[in-house]
Amino acid sequence: MSKVITPRAEDYSAWYLDIVKNANLADNSAVRGCMVIKPYGYAIWENMRDALDLRFKATGHVNAYFPLFVPKSLFEAEEKNAEGFAKECAVVTHYRLKNDASRPGKLMVDPEAKLEEELVVRPTSEAIIWNTYRDWIQSYRDLPLLINQWANVVRWEMRTRPFLRTAEFLWQEGHTAHATKEEAIAETVTMLDVYADFAENVMAMPVIKGVKSANERFAGAEDTYCIEALMQDGKALQAGTSHFLGQNFAKAFEVKYLNKDNQQEYVWATSWGVSTRLIGALIMVHSDDAGLVLPPKLAPMQVVIVPIPNAVSPVIEECDRLAAELRSHGVRVHIDTDETKRSGFKFAEYEMRGVPVRVAIGKRDIENGTLEIARRDTKEKQTYPMADSSGIIRALLDEIQQNLYNRAKEYRDAHITHVNSFDEFKEVLETKGGFISAHWDGTGETEERIKELTKATIRCIPLDAANEDGVCVLSGAPSKQRVLFAKAY
RNA sequence: CGGGGUGUGGCUCAGUCCGGUUAGAGCACCUGCUUUGGGAGCAGGGGGUCGAGAGUUCGAAUCCCUCCACCCCGACCA
């Protein structure tokens with residue numbers, strides 16, 4: 001296969017699609033808007049899932065599974081949430097097919113098999129979950145209820161892109177119930193911190209924690225917290241959200257508990273989620289024109305060993321010995337003994353697939369007691385003594401993880417620009433991109449107007465924003481703090 | 001949902017305007033030999049109801065009609 005990746009500078013969007021295809025992450029499918037996640041892409045998701053699940057468990061959550069289908073009457077119970085998703089719901093209306101008399105061998109929907117009540121394919125599960133929680137929660141002793149589910153959801157999108165926006169996607173959704181408002185808000189913030197920790201320490205992707213403006217808030221939430229990341233093309237991407245839902249769902253579904261004073265009270269709720277979209281973020285934060293670049297903590301193969309020539313004694317024995325040594329330290333190693341491919345091809349192939357460390361061992365090395373180690377992040381390669389190799393490689397994996405984070409953070413920090421006028425705002429947005437830190441008067445009208453004029457939206461009001469008196473870049477009205485604008489995915 | 005475009009081996013496309021033997025190329029794939037430290041070379045080989053249906057014609061990938069799918073640009077979105 002001659003694999004050519006479009007350079008980022010030429011066409012960023014084509015570059016992204018080339019990475020997805022050539023790194024074997026996903027394929028288009030026969031289903032409009034839906035992708036097939038291939039084994040290599042799915043292995044990355046599994047690593048993300050495992051790291052997140054560990055963190056969810058560590059913060060007291062348990063997993064459960066709720067149905068894919070939501071009866072329409074339940075779905076519409078919390079009005080704001082239902083309205084927010086109404087335009088992109090897949091709906092099941094029938095439960096049977098039959099032979100089509102007019103077209104032999106073909107099937108048709110049986111008009112006799114119409115459902116009495118349509119079923120919405122979940123775009124999110126608040127409705128079915130809160131309807132269930134009503135029965136599970138009676139007393140303050142049942143609280144807090146801390147449940148997560150790993151699931152697929154469907155949002156009928158017009159324009160789709162692999163991982164970033166597909167009609168069906170995989171995610172996790174946490175849904176918790178609490179006795180007090182304070183406790184629910186604390187949970188919302190805790191899970192935001194979990195996401196930020198995961199993004200920065202596992203994905204090596206720096207994020208900004210913040211709160212969404214009213215326009216960008218999750219439908220049905222009182223407050224939406226988010227982590228925002230910056231992609232290499234200067235566009236922002238929401239990498240995770242954590243919602244304080246107030247008592248909206250409790251009231252819609254009558255979820256009450258008896259407090260210590262024997263009085264009925266509505267519970268307080270949160271929900272939080274991240275999706276396979278994170279794989280899209282991972283690609284766009286670290287990868288280069290040679291292909292995917294993966295942080296070691298998520299790479300399905302952390303080290304690939306290429307014997308030169310293939311599978312020949314004593315080269316192969318040395319490869320096996322090193323692999324065993326690395327595996328005993330928990331390193332994920334792959335030895336490529338495929339004799340039908342040349343080593344040069346393999347080098348290019350593993351670069352394309354983002355394997356953090358490549359080791360080459362040849363006859364020459366056996367004679368010299370050496371091996372060649374190449375790192376994917378900087379593409380440097382160097383020869384080392386065989387004797388020290390396991391320790392060197394393990395240290396290198398840590399270094400690569402750290403370097404990817406530092407590199408991404410440097411880029412991100414260099415692309416947060418403070419502006420004080422709308423002219424400056426527009427110029428920075430067009431010439432430099434990235435986050436624009438500016439004063440905003442707090443009104444939805446101004447936010448909407450800025451979006452119309454520039455296509456930039458408020459990504460978040462950073463949690464660590466300092467109090468600073470100023471005037472709104474558009475309206476000139478007084479403002480107490482800066483917010484972050486950007487064009488977004 | 002509006003505007004534009006494209007459907008030909010697994011992939012990228014030529015051929016369509018102006019109908020004419022067995023429908024082509026590159027890549028990929030299979031076999032053999034030589035190779036193997038940055039995407040190998042040579043030789044041989046397999047694979048297509050030309051998006052679908054109906055029509056015009058002696059003859060259709062090519063012309064007419066209908067339908068379908070996908071892509072790009074907008075509006076909407078994690």
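Within every chain, numbering begins at 1; the chains are lettered A, B, ... in the order of the sequence lines, protein sequences first and strands thereafter.
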task = Can you label the angle between the A:W15 ring and the A:Y12 ring as parallel, tilted or perpendicular, going by 30° and 60°?
result =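 Rings of A:W15 and A:Y12: tilted, 30 to 60°.
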inquiry  = Can you classify the ring geometry of A:Y195 versus A:F56 as parallel (below 30°), tilted (30 to 60°) or perpendicular (above 60°)?
reply    = perpendicular
Scan side-chain atoms only and decide if [X] and [Y] contain a donor-acceptor pair under the 3.5 Å cut-off.
| X | Y | value |
| --- | --- | --- |
| A:E447 | A:T457 | no |
| A:T160 | A:T166 | no |
| A:Q232 | A:H415 | no |
| A:E118 | A:T93 | no |

How many whole angstroms separate atom [atom1] of [X] from atom [atom2] of [N]?
| X | N | atom1 | atom2 | result |
| --- | --- | --- | --- | --- |
| A:E452 | B:C76 | CD | C1' | 14 Å |
| A:M352 | B:G38 | CE | P | 17 Å |
| A:D338 | B:U36 | CG | P | 17 Å |
| A:E349 | B:A28 | CD | C1' | 13 Å |
| A:E83 | B:C76 | CD | C1' | 15 Å |
| A:N28 | B:C71 | CG | P | 7 Å |
| A:N22 | B:A28 | CG | P | 13 Å |
| A:F345 | B:U35 | CZ | C1' | 16 Å |

Nearest-Å distance once atom [atom1] is located in both [N] and [M]:
| N | M | atom1 | answer |
| --- | --- | --- | --- |
| B:C30 | B:G19 | C1' | 37 Å |
| B:G7 | B:C50 | P | 15 Å |
| B:C29 | B:U12 | C1' | 16 Å |
| B:G47 | B:U31 | P | 16 Å |
| B:C18 | B:G3 | C1' | 31 Å |
| B:G32 | B:A69 | C1' | 42 Å |
| B:G20 | B:C63 | P | 11 Å |
| B:A23 | B:U49 | C1' | 13 Å |

[X] near the nucleic acid: base, sugar-phosphate alone, or nothing, with a heavy-atom cut-off under 4.0 Å?
| X | value |
| --- | --- |
| A:L164 | base |
| A:F169 | base |
| A:T457 | nothing |

inquiry  = Checking A:F485 against A:F435 for the side chain to side chain contact (heavy atoms under 4.5 Å, CB included) test, could you report, in this order, the C-alpha distance in whole Å, the side-chain angles of both residues, the deciding distance, and whether it holds?
reply    = CA-CA 6 Å; A:F485 288 85; A:F435 289 114; over 6 Å; no
My understanding is that a pair needs two contacts under 3.5 Å, Watson-Crick or G-U wobble. By that rule, which nucleotide pairs with [N]?
| N | answer |
| --- | --- |
| B:A43 | B:U31 |
| B:C18 | none |
| B:G2 | B:C73 |

Quick one: which of [options] gets closest to the side chain of [X]?
| X | options | result |
| --- | --- | --- |
| A:E157 | B:C76, B:G38, B:G39 | B:C76 |
| A:K87 | B:G38, B:G39, B:C76 | B:C76 |
| A:S343 | B:U36, B:G38, B:G39 | B:U36 |

key: Strand-adjacent residues in residues 356-377 of chain A, judged by heavy atoms under 4.0 Å from RNA chain B   = A:R358, A:A360, A:G362, A:K363, A:R364, A:D365, A:E372
ask   = Pairs in or reaching into residues 46-56 of chain A: which pass salt bridge (Lys or Arg N to Asp or Glu O under 4.0 Å), with residues at least two apart or in two chains?
value = A:D53-A:K57, A:R55-A:D197
key: Listed once per pair and sorted, the salt bridge (Lys or Arg N to Asp or Glu O under 4.0 Å) pairs that draw on residues 198-211 of chain A, sequence neighbours left out   = A:D193-A:K209
Report, one pair per line, the protein and nucleotides 72-74 of chain B atoms (nitrogen or oxygen only) whose separation is under 3.5 Å.
| from | atom 1 | to | atom 2 | distance (Å) |
| --- | --- | --- | --- | --- |
| B:C73 | OP2 | A:R159 | NH1 | 3.4 |
| B:C73 | OP2 | A:R159 | NH2 | 2.7 |

ask   = Would you say A:R342 reaches B:G37's phosphate, i.e. side-chain N/O to OP1/OP2 under 4.0 Å?
value =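 So the side-chain polar atoms of A:R342 do come within 4.0 Å of the phosphate oxygens OP1 or OP2 of B:G37, strictly under.
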inquiry  = Quick check for you: to the nearest 0.5 Å, what is the distance between A:K235 atom NZ and A:K487 atom NZ?
reply    = 8.0 Å
ask   = What distance do A:E445 atom CD and A:N215 atom CG have between them, rounded to the nearest 0.5 Å?
value = 8.5 Å
request  = Mark yes or no: A:R155 above the aromatic ring of A:F85, with NZ or CZ under 6.0 Å from the six-membered ring centre and no more than 45 degrees from the axis.
outcome  = no
query = Listed by chain and number, what are the side chain to side chain donor-acceptor pair (under 3.5 Å) partners of A:E448, not counting sequence neighbours?
reply =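 With neighbours one apart ignored, the set is empty.
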inquiry  = If you assign each of A:E351 and A:R459 to its closest nucleotide in RNA chain B, which residue comes earlier from the 5' end?
reply    = A:E351
request  = Assign each of A:I308 and A:E168 to its nearest nucleotide of RNA chain B by heavy atoms, then name whichever residue's nucleotide is nearer the 5' end.
outcome  = A:I308
key: Side-chain (A:S242) to main-chain (A:T188) donor-acceptor, under 3.5 angstrom   =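 Judged by distance alone, yes, a pair lies under 3.5 Å.
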Could I get a table of every N or O pair under 3.5 Å where one atom is in the protein and the other is in nucleotides 68-70 of chain B?
| from | atom 1 | to | atom 2 | distance (Å) |
| --- | --- | --- | --- | --- |
| B:C70 | OP2 | A:R32 | NH1 | 3.2 |

ask   = Do A:K381 side-chain and B:G38 base share a donor-acceptor contact under 3.5 Å?
value =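 Pair found.
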